[in-house]
Number of protein chains: 2
Amino acid sequence: MSKKRQELIDTAIRLFGQHGFHATGIDWIAEEANVSKKTMYQHFRSKDELIVAALKHHDGLFRNFFMRAVEDSAETPYERLIAIFDVAHAWFSQHDFYGCMFINAIGEYSNKNTAIQQTCIEFKRLMSSYIEELANLLAVENPVELASELAILLEGSIVTAQVSRNPNAASTAKKAAKILIDNEMK
Amino acid sequence: MSKKRQELIDTAIRLFGQHGFHATGIDWIAEEANVSKKTMYQHFRSKDELIVAALKHHDGLFRNFFMRAVEDSAETPYERLIAIFDVAHAWFSQHDFYGCMFINAIGEYSNKNTAIQQTCIEFKRLMSSYIEELANLLAVENPVELASELAILLEGSIVTAQVSRNPNAASTAKKAAKILIDNEMK
DNA sequence: CGTAATGTAAACAGATCTGTTACCTTTGTC
DNA sequence: GACAAAGGTAACAGATCTGTTTACATTACG
């Protein structure tokens, strides 16, 4: 990938995350990325295309960070499912945490079946799949159900941490997750 | 409250919910509400003021709907805590469900300590308080903790239903809630 | 009926948005 | 050094945004 393109996407992710999508103008992104508008429109034909590119790039980066952190934190599937919420806590504690970019995007582009929306849905699907894979390795009756519950806990902790500006939503969700997993394994 | 003002707020809630805040223009709201822009600016000095008024009004309406529905669905605190997720299911099933307006607002106005943000935080605080009140009536050791967990489940189900366009996130959250409550009561 | 309040319609100001273009500078390569 | 490709600057077009103002119509009520 070209360096300019990379810089544009990185800047877009940062500004979209901080200020939202509609509130972040093209000119602003180009300026912060030290790229002229002309060059920018050679890489992305429209703002929507840039948004989709930024979301997809962030998707890759984020899931890589998240899964790697989970796998570095614990060995067994059981411990890893719980470690998800430790990783979430670390995420929420970052100074530039403004909630989940994909949730925020869905909030701004909720009405139409756009590529933006599809990208967000796909991200959530992939995250759920990851949790499901871990749950499948447990000796439980209904791993899919358990995974759905844990995914909901994760989403809830993200939003709660975002609204309350308190990363401890992850700790609360972790306790709940433990109970749900243990209950299913008993 | 004046009829014009009422019409403006109702329209604002509808359009902001469907299309987001930045994407919904003043002119559009005035037109849909059949109110001239001049009159509109006599009621609200700025768009932000209208947003806050709409959020506060929706806060009142929504919590009233929600709590009443919960109380109509069940008698005991135990049953009511679980009924929360039945009410959520009904909410998610509405044809005009576009997620939680306050979560969406936080996503668009995440950077500053505005009145908009304060209104959203206050809404979430009041919803949590309600859950906490119900949990306090249970014979459990740590009702506050349980309430936090249930609140996270509720938030998670809202976002999941919004993204997946599937109200069944509420059913999943309900199962998880039962387990958490029963586990705390055993 | 007459008056005052209230509302509408529509233009306007000024800013900002996305996207394009004309002109000039830089840069890499032979 | 010559030349072509690429990028920067800055203006522009056209739309849309918030907010104001002017001129006219409607309504309420003594």
Side-chain angles (χ1 to χ4, degrees), chain A residues 1-57 104-105 107-112 114-117 119, chain B residues 1-57 104-105 107-112 114-117 119:
Chain A
M1 171 145 47
S2 118
K3 193 185 163 187
K4 299 267 173 194
R5 188 187 168 91
Q6 185 66 57
E7 198 66 44
L8 281 165
I9 288 184
D10 289 347
T11 306
I13 290 171
R14 182 166 54 84
L15 293 182
F16 286 148
Q18 273 182 51
H19 306 283
F21 296 87
H22 285 92
T24 304
I26 288 289
D27 294 34
W28 191 10
I29 296 171
E31 194 188 329
E32 292 258 322
N34 287 112
V35 172
S36 75
K37 244 168 91 171
K38 187 187 176 190
T39 305
M40 167 173 220
Y41 271 97
Q42 276 164 4
H43 286 287
F44 309 100
R45 271 173 299 181
S46 67
K47 182 181 183 181
D48 275 21
E49 206 172 287
L50 171 60
I51 291 176
V52 171
L55 287 174
K56 284 193 172 154
H57 189 76
N104 293 344
E108 289 202 47
Y109 300 92
S110 57
N111 210 18
K112 300 161 199 159
T114 57
I116 294 173
Q117 230 189 31
T119 308
Chain B
M1 172 145 45
S2 119
K3 192 186 164 187
K4 299 269 172 192
R5 188 187 168 89
Q6 185 66 56
E7 199 65 44
L8 281 167
I9 287 184
D10 288 346
T11 307
I13 290 171
R14 182 166 54 83
L15 294 182
F16 286 147
Q18 273 183 51
H19 306 283
F21 296 86
H22 284 91
T24 304
I26 288 288
D27 293 34
W28 191 9
I29 296 171
E31 192 188 330
E32 292 259 322
N34 287 112
V35 171
S36 75
K37 245 168 91 171
K38 189 186 175 191
T39 304
M40 168 173 220
Y41 272 96
Q42 275 164 5
H43 286 288
F44 310 99
R45 271 172 301 181
S46 67
K47 183 181 182 180
D48 275 22
E49 207 172 288
L50 171 60
I51 291 175
V52 170
L55 287 174
K56 283 192 173 156
H57 189 76
N104 293 345
E108 289 202 47
Y109 300 91
S110 56
N111 210 20
K112 301 161 198 160
T114 56
I116 295 173
Q117 230 188 31
T119 308

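Heavy atoms only: backbone and side chains are in, while hydrogens, waters and symmetry mates are out. So that the names make sense, note that chain A is the first sequence line, chain B the second, and so on, each numbered from 1.
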Q: Take atom NZ of B/Lys47 and atom P of D/dT16, then tell me their distance rounded to the nearest Å.
A: 15 Å
Q) Just how far, in rounded Å, is P of D/dT20 from CE of B/Met40? A) 13 Å
Q | Residues forming a side-chain contact (heavy atoms from CB on, under 4.5 Å) with A/Asp27, sequence neighbours excluded | A | A/Lys37
Considering only nitrogen or oxygen atoms on both sides, find all protein atoms under 3.5 Å from nucleotides 9-14 of chain D and state each distance.
none

Please tabulate, for side-chain N and O atoms in residues 15-22 of chain B, each donor-acceptor pair with protein atoms closer than 3.5 Å (sequence neighbours left out).
unit_1: B/His19; atom_1: ND1; unit_2: A/Asn111; atom_2: ND2; d: 3.4
unit_1: B/His22; atom_1: ND1; unit_2: B/Glu108; atom_2: OE1; d: 2.5

**Q.** Euclidean distance, atom CG of residue A/Leu8 to atom C1' of C/dT18 [Å, nearest integer]
**A.** 15 Å
**Q.** Residues which pass side chain to side chain donor-acceptor pair (under 3.5 Å) with B/Thr39, listed by chain and number, not counting sequence neighbours
**A.** B/Ser36
Q) Excluding sequence neighbours, so at least two apart, what forms salt bridge (Lys or Arg N to Asp or Glu O under 4.0 Å) with B/Glu31? A) none
Q: Check DNA chain C against residues 10-35 of chain B and give the residues with a non-hydrogen atom under 4.0 Å, in numerical order.
A: B/Asn34, B/Val35
Q.
Can you list everything that forms a side chain to side chain donor-acceptor pair (under 3.5 Å) with A/Glu7? Sequence neighbours excluded, please.
A. none
(Q) The criterion is side chain to side chain donor-acceptor pair (under 3.5 Å); which residues satisfy it with A/Asp10, sequence neighbours excluded? (A) A/Gln6
Q) Roughly, in whole Å, what's the span from CG in B/Leu50 to P in D/dC17? A) 15 Å
Q | Interatomic distance where NE2 belongs to A/His43 and P belongs to D/dA6 [whole Å] | A | 10 Å
(Q) Using the salt bridge (Lys or Arg N to Asp or Glu O under 4.0 Å) criterion, which residues pair with B/Glu49? Sequence neighbours excluded. (A) B/Arg45
Q: Please check the phosphate of C/dG7 (OP1 and OP2 only) for any side-chain N or O of B/Gln42 closer than 4.0 Å.
A: yes
Q. Between B/Phe44 and B/Ile9, is any pair of side-chain heavy atoms under 4.5 Å apart?
A. yes
Q) Can you tell me how far C1' of C/dT20 sits from CZ of A/Arg45, to the nearest Å? A) 16 Å
